[in-house]
Amino acid sequence: MAAEGKNGEIELVSVTKRFADTVAVDNVSLRIPQGAYCCLLGPSGCGKTTILRMIAGHETPSQGDIRIGGASVVGQPPLRRGTAMMFQAYALFPHLSVLDNVAFSLKMRGLDREARHKQAHELLSKVRLDQFADRLPAQLSGGQQQRVALARALITNPRVLLLDEPLSALDEYLRLRMRGELRRMQKQLGITFVHVTHTQLEAIAVADMLVVMDQGRIEQAASPNTIYNTPRTAYVARFIGGQNVLSGKVEGVSDGTATLRDAGGGRLTVPLGGAKPQPGSQLYIAIRRDRIAVARAAGDVSNASEVNVVRGKVHSIEYQGSYAKVTIDLLQPEEFVANVPDVDFVRSPVEIGDEVLARWSVGDVRLLEGAGGSGDKQIYADAELI
C-alpha cells in the first residue's frame, strides 16, 4: 500500500518551542530516516508530545525548521504534510459503522461511496477486522477499536504516521499483542512511524530508533540495543532501566583503566575508552543488572582489597520467573539491583536482611558522560538501525 515513492524522512533543525515563559522543546536537532519506527521516550513534560504535534502541524516552532522528505513543512496545514495522526483517545464516531469510521476522511475528500468502501475494506483486512466492518465501535474490544483507529489513520495513504501514546488505554495483555501488531503493520507498509510513549519496555519492543528525552532536550538517539547496552549518560541509564549507576572519585589511571573510590570506601574500576579524567574527579559508571553476582557476606570479613564489589543489605526480593530481582541497600544514594538467574538463586539463595556482596567484571562496566544528572550535549544523529 502506501509508501512507494514517498519520502517520509523527518528532520528537525534547531527546533525550539516556547509556551509563554516555558521552554517545552529546547534547540532540538534530529533526523529520522525514511521507513524507521522511531519512539520518542521520556517522562511527562519532557517535550516529546510537543515534538509530535509540531511534526503534525498542530503546533508551530518558535524557532528552527521541520522538514519532511527534504522540504520544509513549517506553516503548512496538517493535510498538506503527508502525515496522519493516531491519538491516545481513539475518537471513533459511535454512530458510524467500523467501515464508515475508516472511510470517513475519504468521504470528506469527496470520494464516492464505492471507492472509499473498497479502500476501507482493504485496510480492515490488513488489520484483521474485515469481518467486523458492519459493527459499531461500542461492539468492539479495546484492542479492536485501536486497530480501527489505526486503519482510519492509514486510509489517507500518509508518508508518516504519528502515534500519541497509542497503547496507554489498553490492559497489559492487549498492550503486548498490539505492540506486535504495530510493528508488523509498520514493516508491511514501509512508512515512517513516530510513536510517543513514557513506557520503556514498549519503546524497546517496537522501535528501531529510540530517542530518550528530558527537559525538552535529547539525551541520546540510537537503536534500542545501543541505548540499553551502552547508555550515554546517568539519566539515560536510570530511565531506561536494567542498569545500576554508581559513582566514585578517581584515585588513579593505568593502562586505559581508572580506579575509583566510592562513598562506602569500595574500589571500582572502569575502562576509559579514550577519556582522560583528572585525579579526584567524580565519575559515573553503569553496570547491567544481569551482570551482577550476589553472595552472602562472610561474617565481618572486609572487601576493601577487592575491586568491583559492593557490600550491602538485601532490601527486597522479587521472583520474576527466569530470574530473581534482588534490591540491595548501599551507602550510595542509588538503588542497586541484581537480576540473579533463577538457577543461581535457587543454588545460593539470599534472604531479605542478609548482608551480601555484589560483584561484577570490569568488562561489564560502562563509563557515563557528564555528571549524574541530565546530560548537556546536543545530539544530531541518524538512527543506528538494528
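None of the values given here were measured: they were computed from a predicted structure.
- With respect to E122 and K118, a salt bridge is recorded, a charged nitrogen being found less than 4.0 Å from a carboxylate O.
- Pairs passing the salt bridge (charged side-chain N to carboxylate O under 4.0 Å, His left out) check and including a residue from residues 49-61, sequence neighbours excluded, read K17-E59, R53-E59.
- A search for side chain to side chain donor-acceptor pair (under 3.5 Å) contacts involving T60 returns nothing, not counting sequence neighbours.
- Ionic pairing of K313 and D329 is not present here: no N-O contact between side-chain nitrogen and carboxylate oxygen is shorter than 4.0 angstrom.
- When the salt bridge (Lys or Arg N to Asp or Glu O under 4.0 Å) test is applied to R347, the partners found at least two apart in sequence or on another chain are D344.
- In this structure R296 satisfies the salt bridge (Lys or Arg N to Asp or Glu O under 4.0 Å) test together with D354, sequence neighbours excluded.
- Under the side chain to side chain donor-acceptor pair (under 3.5 Å) criterion, D130 pairs with H121, sequence neighbours left out.
- Residue pairs meeting the salt bridge (charged side-chain N to carboxylate O under 4.0 Å, His left out) criterion with at least one partner in residues 282-294, sequence neighbours excluded, are R288-D290, R289-E335, R291-D364.
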Just list the side-chain donor-acceptor pairs under 3.5 Å for residues 197-205, sequence neighbours left out, or say none.
residue	atom	partner	partner atom	Å
T197	OG1	T199	N	3.0
T197	OG1	E202	OE2	3.2
H198	ND1	E165	OE2	3.0
Q200	NE2	F239	O	2.5
E202	OE2	H195	NE2	2.6

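- Partners of K249 according to the salt bridge (Lys or Arg N to Asp or Glu O under 4.0 Å) rule, which considers only residues two or more places apart in sequence or in another chain, do not exist here.
- With sequence neighbours excluded, the residues that form a side-chain contact (heavy atoms from CB on, under 4.5 Å) with V362 are T269, P271, N308.
- Other residues sharing a hydrophobic cluster with F19 under the 4.5 Å side-chain heavy-atom criterion for ILVMFWY residues do not exist; the residue is a singleton.
- Through side-chain heavy atoms spaced under 4.5 Å, either directly or across other Ile, Leu, Val, Met, Phe, Trp or Tyr residues, F93 is tied to L96, F104, M108.
- Legend: residues meeting salt bridge (Lys or Arg N to Asp or Glu O under 4.0 Å) with R128, ordered by chain and number and at least two apart, are E181.
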